[in-house]
Amino acid sequence: MWSIIKDYIKYKFWGSLLFCCLLILSCGKKAPEKISISGTALGTTYHINYFDEAGFNAEKGIDSVFYAIDKSLSTYSQNSDISKINKGDSTLVVDEMFVEVFKASKMIHEKSGGYFDPTVGNLVNFYGFGPERFTLEIDSANIDSLMEYVGFNKVKLTPKHVIKKANPAIYIDFNAIAKGYSVDRLAAYLNANGIKDYLVEVGGELVVSGKNLSTDENWKIGIDDPGQTKEKRTLANIIELQNQGMATSGNYRKFRIDSVTGEKYVHTINAFTGYPARNSVLSATVLAKNCMLADGYATTFMAMGLEKSKELLKTLPEINAYLIYAEGNETRSFMTEGFKKQLTKK
């Protein structure tokens, strides 16, 4: 009888001790803190939200990432690697960031049959959407002359990471994919510092990881309605993301009006005609494993139009898309099945 009582006391003691230890540990564990950092970079705004128990300050690292991307890929920086290459430097050894973006661009270029083409840079400048300002008249003769410099097959990356162009006047512009890549580099920086739950957004392109610990739910993102006005923002849908990149491209915001003819020119250029893309697609929202691919394909679908985009999507099981397009006076939409599954009402 005494041995039973002793065993009971022993188990009671160790059980109480274990409970006390767990209580101390739980009381000592700090709840993850939500940290928000925002600012301007790469000619646009950025917003970064992440959770960390130790209150890690990512600000200096974020600035360093933007600086490195600007130095490598920004056509708006005269001293960047891409600007030097566009000016004719044929000996410059590019960095790993440039290599990654180049290879991803080449892959999307090939899969899209040439609709995604970073060598439309001269045409982007010609229409007034780039860092250079052309004074040429917008006519077929000038466009035909600039088309000589279009074709990503005319640009090579050597094994020594040097860019070789078939014509020195070819102007490379990675802006249709570099913003998404910058999001991925910022995410990689957070990952390297042990941050698991975050949302990184640069100019509307974003990537998420983990959960929004403020609500203990997956990250939820609103998709703009192309028919919205400047005075009032309206959403076409809300989507729930899990460890994904998302990018939206649309012709309803960024366009130029010719001061002479009054004609509207949208910023997506058709690499086959040299003219701004003219099709029914108003916006393309794309989900991918990273933001660089989402960004590149969003531009691709804007250039290809609805039917060609649908056909391409059948060959891309890893890519999901939501295309908003005009049909007569009506606005309609197309979604891949994978995109539909991630929609939410709240």
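From a predicted model like this one, the values you see are computed outputs, not experimental measurements.
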Side chains of Val207 and Asn290 in contact at under 4.5 Å (non-hydrogen atoms)
no
Residue pair Asp197 / Tyr50, side-chain donor-acceptor N/O under 3.5 Å:
no
Does Lys164 reach the main-chain N or O of Ser90 with its side chain, forming a donor-acceptor pair under 3.5 Å?
yes
Can you tell me if NZ on Lys71 sees more than 12 non-hydrogen neighbours from other groups inside 6.0 Å?
no
Okay, side chain of Trp219, backbone of Ser209: is any donor-acceptor separation there less than 3.5 Å?
yes
Using every non-hydrogen atom in the two residues, find where Thr75 and Ser83 come nearest and quote the distance to one decimal.
O-OG, 3.6 Å
For residues Thr299 and Tyr115, determine if any side-chain heavy atom of one lies less than 4.5 Å from a side-chain heavy atom of the other.
no
Any donor-acceptor pair under 3.5 Å linking the side-chain atoms of Asn191 with those of Tyr198?
yes
To the nearest 0.5 Å, tell me how far Lys111 NZ sits from Leu312 CG.
8.5 Å
Could you tell me whether the side chain of Phe126 reaches within less than 4.5 Å of the side chain of Asn122, counting heavy atoms only?
no
What distance separates Ile48 CD1 from Glu59 CD, expressed to the nearest 0.5 Å?
9.5 Å
If hydrophobic clusters are built from ILVMFWY residues whose side chains come within less than 4.5 Å, do Met107 and Phe301 share one?
yes
Any sub-3.5 Å donor-acceptor pair from Glu307's side-chain atoms to Ser309's backbone N or O?
no
Tyr67 reachable from Leu190 in the ILVMFWY side-chain graph, under 4.5 Å edges
no
Rounded to the nearest 0.5 Å, what separates atom CG in Asp95 from atom CG in Leu73?
7.0 Å
Asp139 and Asn142 side chains, donor-acceptor separation under 3.5 Å
yes
Could you tell me the separation between the OG atom of Ser74 and the CG atom of Asn175, rounded to the nearest 0.5 Å?
7.0 Å
Which heavy atom in Tyr149 sits nearest to a heavy atom in Ser145, and how many Å separate them?
CE1-O, 3.9 Å
How far apart are the closest heavy atoms of Phe129 and Tyr76, and which atoms are they?
O-OH, 3.4 Å
Please tell me whether Asp89 and Thr91 have a donor and an acceptor in their side chains that are separated by less than 3.5 angstrom.
yes
Determine whether the side chains of Thr119 and Asp117 contain a donor N or O and an acceptor N or O closer than 3.5 Å.
yes
How many angstroms lie between atom CG of Leu241 and atom CG of Asn212, to the nearest 0.5 angstrom?
11.5 Å
Least distance between heavy atoms, Ile170 atom then Lys154 atom:
CD1-CB, 3.7 Å
Could you tell me if Lys87 and Gln78 have a donor-acceptor pair between their side chains, going purely by distance under 3.5 Å?
yes
Qualifying residue, where the test is side chain to side chain contact (heavy atoms under 4.5 Å, CB included) with Ile221 and the options are Thr248, Ile239, Thr344:
Ile239
Run the side-chain contact (heavy atoms from CB on, under 4.5 Å) check on His161 and Glu96 step by step: do they pass?
CA-CA 9 Å; His161 292 179; Glu96 284 300 321; 3.3 Å; yes
On a heavy-atom basis, the closest approach of Glu201 and Gly203 is OE2-N, 3.2 Å
Okay, side chain of Ser72, backbone of Met97: is any donor-acceptor separation there less than 3.5 Å?
no
Should Ile172 and Ile82 count as side-chain neighbours, where that means a heavy-atom distance under 4.5 Å?
yes
Can you get from Tyr171 to Ile143 by hopping between Ile, Leu, Val, Met, Phe, Trp and Tyr side chains that sit under 4.5 Å apart?
no
Taking it one step at a time, do Ile324 and Val281 satisfy side-chain contact (heavy atoms from CB on, under 4.5 Å)?
CA-CA 6 Å; Ile324 299 178; Val281 179; over 6 Å; no
Donor-acceptor pair, side chain of Asp295 and main chain of Cys291, under 3.5 angstrom:
no
Quick one: sort the Phe152 and Phe102 rings into parallel, tilted or perpendicular, breaks at 30° and 60°.
tilted
List the steps, then state whether side-chain contact (heavy atoms from CB on, under 4.5 Å) holds for Val94 with Ile163.
CA-CA 8 Å; Val94 297; Ile163 300 297; 4.1 Å; yes
Give me the one residue out of Lys179, Arg185, His47 that meets side chain to side chain contact (heavy atoms under 4.5 Å, CB included) with Val202.
Lys179
Starting at OH of Tyr297, measure out to CD of Glu318 and round the result to the nearest 0.5 Å.
6.0 Å
Mark yes or no for whether Asp173, through its side chain, and Val124, through its backbone, hold a donor-acceptor pair below 3.5 Å.
no
Tell me whether the rings of Tyr189 and Phe56 are parallel (<30°), tilted (30 to 60°) or perpendicular (>60°).
tilted
Determine whether a donor-acceptor pair (N or O, by modelled atom type, separation under 3.5 Å) exists between the side chain of Asn218 and the backbone of Gln242.
no
Less than 4.5 Å apart, side chain to side chain, heavy atoms only: is that true for Lys34 and Asn49?
yes
Does Glu337 pair with Lys340 as a salt bridge, N-O distance under 4.0 Å?
yes
Centroid separation under 6.0 Å, is that true for the rings of Phe98 and Phe174?
yes
Just by distance, do the side chain of Asn193 and the backbone of Ile195 share a donor-acceptor pair under 3.5 Å?
no
Gln244-Gln342 side chain donor-acceptor pair, cut-off 3.5 Å
yes
Are Leu92 and Val162 co-members of a hydrophobic cluster defined by side-chain heavy atoms under 4.5 Å apart?
no
Is there a donor-acceptor contact under 3.5 Å from the side chain of Lys196 to the main chain of Phe51?
no
Below 4.0 angstrom, N of the basic side chain to O of the carboxylate: do Glu217 and Lys220 qualify?
yes
Could you tell me whether the side chain of Thr44 and the main chain of Thr40 form a donor-acceptor pair under 3.5 Å?
no
Passes side-chain contact (heavy atoms from CB on, under 4.5 Å), Ser182 versus Leu42? Steps please.
CA-CA 9 Å; Ser182 71; Leu42 308 179; 3.7 Å; yes
Looking at Phe334, does the NZ or CZ of Lys310 lie under 6.0 angstrom from its six-membered ring centre and within 45 degrees of the ring axis?
yes
Smallest heavy-atom separation, Gly296 atom then Ile108 atom, equals CA-CD1, 3.9 Å
Within a strict 4.5 Å, meaning less than it, do heavy atoms of the Tyr46 and Ile37 side chains meet?
yes
